Amino acid sequence: MPAPGPLGPTAPAPQQPTPSIRPAVSASTEPVTPPAPALAPTPAPVPAADPGLRRILGGPTGLGTSSLSLARALKPPAPDPHMAVAPAPAPAPEPDQVPPASSVSASPVSSSEGPVVPGLYHHPVPEPDPARVEEVSRRIKRWAEDEVQLYPEEWEGQFDGFSVGRYMVACHPDAPGIDHLMLATRLMVAENALDDCYCEDHGGSPIGLGGRILLAHTTLDHLHTTPEYAPEWEESLGSDAPRRAYRSAMDYFVRAATPSQSDRYRHDMARLHMGYLAEAAWAQTEYVPEVWEYLAMRQFNNFRPCPTITDTVGGYELPADLHALPKMQRAIALAGNAATIVNDLYSYTKELDSPGLHLNLPVVIARREQLSERDAYLKAVEVHNQLMHAFEAAAAEVAAECPLPSVLRFLKGVATWVDGNHDWHRTNTYRYSLPDFW
Ligand SMILES: CC(C)=CCC/C(C)=C(\C)COP(=O)(O)OP(=O)(O)O
Ligand SMILES: [Mg+2]
């Protein structure tokens, strides 16, 4: 098997570097002025004619206010020859029309396979481009098996059942091509490998998790140390599947991203790892947190690192100072929280069946608020819906205050990721099934 990707300046190049996504400046020789993003040949288009963006941008509503909408004032996007043609979305309703059928599901069945959680506020997505899904699925399997030796043969069915190709194509419809999609797909696989193998049901345990996670985190945020100790660290990075996957996926990512995008990702992964540790500490002491405490933990043990790479995957950059705006941070946190509670709802029965008490929002609400399982689940749906509405309001606020093309495209990308994430959970009937509450 070939060796995994490089660790930095002294390490060999990855096996299949993709010339089209090689950055102008090597990640190891970061200039004072950040280089242009390697994957951003063109400035971010302004996707304002899209109803999805109108949803994010919001603007005043009510009779006679449509001309005030920020989204309507913006130009439509320049056509992108690399982008898959998605079915044209339906036009946004005028204020006196009925709201889009997309908003709240009253029926447990949506258009394609897999029921929607009844009452869940969500937005259906176009069917992901099948050609992209097929190619991403083919390439990710080659990467998992040949480059990082991710799983033993007997886990192959679970890898296929995860359907990560469909997941990432649905979440990143604006990716210029397969190489960009692969950046997100490798990271998604690596993140799940670590969660499964360190924390959950593929050999994971809360005991000693802090040490294991910290060492794995150095695949993303390298150890800088003396020549005496560096070789042992370098060797450790190939010593288990999660570390091999993190190291390789990050290596590809760093080569494609700007330094500040890579740093953003490292920071989000540190947040994620802190969340894993809180969850593990509570499992170890059998502590059932209060609902707000659970929500705080789940804000860290969260999908956040996935939507926040939407600009790198889209081939442009949201500048660091705009990403850091408090209102942008709020919008990102709410998006991550809504997306993560979607997981709690769809994985509820899977987690009830797992050994021990697996915390998720319905379980914690039932315990802490003395509600029946059904009422607690319905309350968790309501919490999710409030988070989604809060995200959309927060995103509209940022867009109104800072209507720059990169900001608008980033917000749209995050919203699209949230919708694609919901759709993946809904359609992944291999992995998830709904409780029988309706
Ligand atoms: C992809 C990514 C950043 C994952 C990090 C955390 C994670 C695995 C989730 C937010 C999903 O939640 P959970 O661990 O409950 O996953 P399953 O329900 O087992 O699918
Ligand atoms: Mg879950």
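Scope of the values below: all heavy atoms of this structure, side chains included, with no hydrogens, waters or symmetry mates. The structure presented is a predicted model; accordingly, all values stated were derived computationally and were not measured. Just follow the structure's listing: the first ligand is 1, and inside any ligand the first atom is 1. Positions are given from 1, in the same order as the sequence printed here.
- Although no hydrogens or angles enter the test, the distance criterion places a donor-acceptor pair under 3.5 Å between the side chain of Tyr316 and the main chain of Phe410.
- Under the 3.5 Å distance criterion, the side-chain polar atoms of Arg212 are matched with a main-chain donor or acceptor of Tyr198.
- For ligand 1, the atoms sitting less than 4.0 Å from at least one non-hydrogen atom of Cys306 are 1 (C), 3 (C), numbered in the order shown with element in parentheses.
- Within the 4.0 Å heavy-atom criterion, neither part of Asp344 lies near ligand 1.
- Contacts of Tyr432 with ligand 1, taken as heavy-atom pairs under 4.0 Å, involve the side chain alone.
- At a heavy-atom distance under 4.0 Å, no atom of Cys199 approaches ligand 1.
- By the 30° and 60° cut-offs, the orientation of the rings of Phe253 relative to Tyr265 is tilted.
- Tyr294 and Asn301 form no side-chain donor-acceptor contact under 3.5 Å, judged by distance and modelled atom types alone.
- The Met188 neighbourhood of ligand 1 comprises atoms 1 (C), with distances under 4.0 Å to a heavy atom of that residue.
- With hydrogens and angles disregarded, a donor-acceptor distance shorter than 3.5 Å links the side chain of Arg368 to the backbone of Val288.
- By the 4.0 Å heavy-atom criterion, Arg431 is counted among the residues contacting ligand 1.
- Listed by atom number, the atoms of ligand 1 under 4.0 Å from Ser347 heavy atoms are 18 (O).
- A side-chain donor from one of Ser248 and Trp143 sits under 3.5 Å from a side-chain acceptor of the other.
- Only the side chain of Arg298 comes within 4.0 Å of ligand 1, judged by heavy-atom distances.
- The protein heavy-atom contact nearest to atom 17 (P) of ligand 1 is Asn343 ND2, 3.5 Å.
- Contacts with ligand 1 closer than 4.0 Å are made by side-chain heavy atoms of Leu272 only, the backbone lying farther away.
- For Arg264, the side chain to side chain donor-acceptor pair (under 3.5 Å) partners at least two apart in sequence or on another chain are Asp311.
- Among all non-hydrogen protein atoms, the one lying nearest atom 8 (C) of ligand 1 is Asp195 OD2, 3.1 Å.
- Residue Asn301 has at least one heavy-atom neighbour below 4.0 Å for each of these atoms of ligand 1: 6 (C).
- By the 4.0 Å N-to-carboxylate-O rule, Lys141 lies close enough to Glu156 to be salt-bridged with it.
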May I have the list of side-chain donor-acceptor pairs in residues 370-382 shorter than 3.5 Å, sequence neighbours left out?
unit_1: Gln370; atom_1: NE2; unit_2: Arg367; atom_2: O; d: 3.3
unit_1: Ser372; atom_1: OG; unit_2: Asp375; atom_2: N; d: 3.0
unit_1: Arg374; atom_1: NE; unit_2: Phe437; atom_2: O; d: 3.0
unit_1: Tyr377; atom_1: OH; unit_2: Leu345; atom_2: O; d: 2.8
unit_1: Lys379; atom_1: NZ; unit_2: Glu369; atom_2: OE1; d: 2.7
unit_1: Glu382; atom_1: OE2; unit_2: Gln386; atom_2: NE2; d: 3.3

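- The heavy atom nearest to atom 15 (O) of ligand 1, out of those in Glu351, His273, Glu191, is found in Glu351.
- Here the shortest heavy-atom pairing between Lys327 and Val398 reads O-CG2, 3.4 Å.
- Taking CG from Leu187 and OH from Tyr246, the interatomic distance works out to 9.5 Å, rounded to the nearest 0.5 Å.
- The ring-ring contact (aromatic ring centres under 6.0 Å, His included) check on Phe303 picks up Trp417, His425, with sequence neighbours excluded.
- The option with the heavy atom closest to atom 6 (C) of ligand 1, from among Tyr276, Tyr348, Phe300, is Tyr276.
- Taking a cut-off of 2.8 Å, the protein N, O or S atoms nearer than that to the Mg ion (ligand 2) are Asn343 OD1, Ser347 OG, Glu351 OE2.
- In this structure, Arg186 is positioned above the aromatic face of Tyr252, its NZ or CZ under 6.0 Å from the six-membered ring centre and within 45° of the axis.
- Considering only non-hydrogen protein atoms, atom 19 (O) of ligand 1 sits nearest to Lys350 NZ, 2.7 Å.
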